[in-house]
Amino acid sequence: MTVRTRIAPSPTGDPHVGTAYVALINYCFAKKNGGKFVLRIEDTDRARSTRESEAAILDSLDWMGLSWDEGPDVGGPHGPYRQSERSEIYREHVKKLLDAGNAFKCFCTPQRLEEMRAAQRASKLPSRYDGLCTSLSAEAIAKNEAQGVPYVVRLKVPAEGVCVVHDMKRGAIEIEWSSVDMQVLMKSDGMPTYHLANVVDDHLMEITHVFRGEEWLSSAPKHLLLYKYFGWEPPQLLHLPLLRNPDKSKLSKRKNPTSILFYKALGYLPDALLNFLGLLCVMPPAGEEMMDLALMTDRFTIEHVSLGGPVFDVAKLDWLNGRYIRERNDLDGFLAKVQAWGLDPVRLRRIAALAQPRIERLSDLGPLLAFFFSGRLDVTAEELRSSKLDDAALRKALQLATWGFDALSSWETGEIEAVLKGVAAAVDVKLRDVTRPFYVAITGSATSVPLYDAIEILGRDIVRERLRHALKVLGGVTSSELKEWQK
RNA sequence: GGCCCCAUCGUCUAGUGGCCUAGGACGCCGCCCUCUCACGGCGGUAACACCGGUUCGACUCCGGUUGGGGCUACCA
């Protein structure tokens, strides 16, 4: 049997370094065993999935040198590779489950479910669907459907016994069926949930090994149950540890840059970033930690995938990136990389347009534009402070802007301006008064090129990082402030 | 709270019962090189979470404790 692995990102945000890490492991295992590596887009969340995100994820994985044998862009024998285009397949499979009595229609309203969970929480019981709709008569179901009452389809779960999940590294894991929820398999909009789609697709796409994040471990019983209901052989499972922040919590963009785009924007080389991720799952040759993809593939073994959640150590990434810059490039190669990174004609033209009206000598460009070619700016609290806002209001403004920017679906000056206007209103000062500290935080100076353009050109990731830094030098935000401002 | 996973220097890790007075790498410190800095070279700092077993012998096996993490959605 041919080994087939997959990476199945959800296009609901920026391409995450964790996705690249999981992809790398799946890639290495497939290639090492002469198999295929498949890319599938899990866009069953209609509200959050976007084509822009999908494109960014594909571009980023490609940028890092991870190529797939089958996927939405290159096609393949098991397509389509985008779940939103496979609705009919899921519908058929849900029908099979329903007909066999392995799933049931649930007409409970979100309100009832919420009340149910609140009651369960109050009495300290595990949160789990109470099974009300499992006892609905055929007539009641028909009546509801005739009236057009929206419903979901839920998985029937054994009342007792244990499910044994075989993890390739952790061995047998026992989970009580009584702790497994009657998961929604098909949402009221007719789209499947991850749980259903992932099982159906992995089977149909003949995936033999599933290496995925540890966050899926506790839902593995649901997946195994589906394989059983369908009469299919489940793939081998291996749950990978989650990448961590320095404080050991799950790597999150709230605390650290997580987007591959950020690392690209800062001038990390794709080979270095990939090598760095490889150090977390491949044992390098003695005395040498530089590895290209071919070497990592060759050396990959699941025995050397460690289970402890690794901290994403930027200092080590920096060291490795430095080595790639100086050891893997002659001067011409280095120059080409510099040009590709910072002297992209389109970007440069936009920047030049901002600078031209504001300079008297070309040599004014350096100080005026340095912030476009920098990572973190070493801005101090003194520089950020303004007479119009006290520290608390200043922090609130920065935090609200961070949230506002994160929520933007499109990154362009109009939207950016709207966020800042909202922030000004929220802290009750004129726009120009709230804007000043943002100039400092983002451009490093209170006098600079237009802010909205600068923000747009710098990109979401660097802006988030600079706002985070500003917040940090101002003493950070307390959790009570966070709660208060969220309103 | 409940369920589950994990546990070697600050960080990434080697180590699969004796080879371990625990090895490497990053970071940090010192020295050398040197017009500065960086690079490079050399040296140093620093860990088996704890408590019980099993064993002639535990970093390695088992149990408990502690700590960390994940899940607990009509998100993935």
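Owing to the predicted nature of the structure, the values given are computational and were not obtained by experimental measurement. Per chain, numbering begins at 1; letters A, B, ... match sequence-line order.
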Under 3.5 Å, which N/O atoms of the protein pair with N/O atoms of nucleotides 29-39 of chain B?
unit_1: B/C39; atom_1: O3'; unit_2: A/R326; atom_2: NH1; d: 3.4

Atom pairs under 3.5 Å: protein N/O with N/O of nucleotides 74-76 of chain B:
unit_1: B/C74; atom_1: OP1; unit_2: A/R117; atom_2: NH2; d: 3.4
unit_1: B/C74; atom_1: OP2; unit_2: A/R117; atom_2: NH2; d: 3.1
unit_1: B/C74; atom_1: OP2; unit_2: A/R154; atom_2: NH2; d: 3.4
unit_1: B/C74; atom_1: O2; unit_2: A/S188; atom_2: N; d: 2.8
unit_1: B/C74; atom_1: O2; unit_2: A/S188; atom_2: OG; d: 2.8
unit_1: B/C74; atom_1: N3; unit_2: A/S188; atom_2: OG; d: 3.0
unit_1: B/C75; atom_1: OP2; unit_2: A/K187; atom_2: NZ; d: 3.3
unit_1: B/C75; atom_1: O2'; unit_2: A/D45; atom_2: OD2; d: 2.8
unit_1: B/C75; atom_1: O2'; unit_2: A/R48; atom_2: NH2; d: 2.9
unit_1: B/C75; atom_1: O2; unit_2: A/R48; atom_2: NH2; d: 3.3
unit_1: B/A76; atom_1: OP1; unit_2: A/T44; atom_2: OG1; d: 2.8
unit_1: B/A76; atom_1: OP1; unit_2: A/K187; atom_2: NZ; d: 2.7
unit_1: B/A76; atom_1: OP2; unit_2: A/Y194; atom_2: N; d: 3.4
unit_1: B/A76; atom_1: O3'; unit_2: A/E42; atom_2: OE1; d: 3.2

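Using a 4.0 Å cut-off, no side-chain N or O of A/H239 falls inside it from OP1 or OP2 of B/C4. Distances shorter than 4.0 Å separate some side-chain N or O of A/K250 from OP1 or OP2 on B/C71. OP1 or OP2 of B/U11 has at least one side-chain nitrogen or oxygen of A/K248 nearer than 4.0 Å. Contact annotation: A/S306 reaches the phosphate of B/U13 (side-chain N/O to OP1 or OP2, under 4.0 Å).
Rounded to the nearest 0.5 Å, atoms CD (A/E85) and CG (A/D43) are 7.5 Å apart. Distance check, rounded to the nearest 0.5 Å: CG of A/D298 to CG of A/L293 gives 11.0 Å.
The listed nucleotides are B/G27, B/C12, B/A14; the one nearest the side chain of A/H304 is B/A14. The A/E289 side chain lies nearest to B/G24 when the options are B/G27, B/C4, B/G24. Out of B/G70, B/A14, B/U13, the shortest distance to the side chain of A/S218 is found at B/G70. Of the candidate nucleotides B/G69, B/C6, B/C26, B/G69 has the atom nearest to the side chain of A/R244.
Only the C1' atoms considered, B/C28 is 28 Å distant from B/G69, to the nearest whole Å. Nucleotides B/U8 and B/C48 are separated by 4 Å at their C1' atoms, to the nearest Å. Atom P of B/U65 sits at a distance of 14 Å from the matching atom of B/C5, rounded to the whole Å. Nucleotides B/G67 and B/G30, compared at atom C1', are 35 Å apart to the nearest Å. Of the P atoms belonging to B/G27 and B/G18, the separation is 33 Å, rounded to the nearest Å. B/C51 and B/C42 have their P atoms separated by 39 Å, given to the nearest Å. If you take atom C1' in B/U55 and the same atom in B/C61, they sit 10 Å apart, rounded to whole Å. B/A46 and B/G41: their P atoms are spaced 23 Å apart (whole Å).
Along RNA chain B, the nucleotide nearest A/S127 and the nucleotide nearest A/E214 are compared for position; the residue whose nucleotide lies closer to the 5' end is A/E214.
Remark: aromatic rings of A/F312 and A/Y21 are distant, center separation not under 6.0 Å. Aromatic rings of A/H203 and A/Y227 (six-membered ring for Trp) have centroids beyond the 6.0 Å cut-off, not under it.
One can place CG of A/N245 at 19 Å from P of B/G10, the figure rounded to the nearest angstrom. Atom pair A/L237:CG and B/C4:P shows a separation of 18 Å (rounding to whole Å applied). With rounding to whole Å, A/N321 atom CG is found 15 Å from B/C26 atom P. Here B/G40 presents its P atom at 12 Å from CD of A/E288, a figure rounded to the nearest Å. One can place CZ of A/R299 at 13 Å from C1' of B/U13, the figure rounded to the nearest angstrom. Rounded to a whole Å, the NZ atom of A/K222 is 9 Å from the C1' atom of B/A73. Rounded to an integer number of Å, the gap from A/L217 CG to B/G69 P is 17 Å. Regarding A/L320, its CG atom lies at a distance of 11 Å from the P atom of B/G27, rounded to whole Å.
Using a cut-off of 4.0 Å between Lys/Arg side-chain N and Asp/Glu carboxylate O, A/E42 and A/R6 are scored as not salt-bridged.
Side-chain N or O atoms of A/S53 include none that pairs as donor or acceptor with a backbone N or O of A/T50 at under 3.5 Å.
Within the nucleic acid shown, A/E174 comes within 4.0 Å of sugar-phosphate atoms alone, with no base atom in reach, counting heavy atoms only. Here A/M191 lies out of heavy-atom contact (under 4.0 Å) with every strand.
Here the rule is ring-ring contact (aromatic ring centres under 6.0 Å, His included) with A/H223, and of A/Y194, A/W232, A/F230 only A/Y194 fits it. Of the residues listed (A/R40, A/H78, A/R4), the one engaging A/E70 in a side chain to side chain donor-acceptor pair (under 3.5 Å) is A/R4, and it is the only one.
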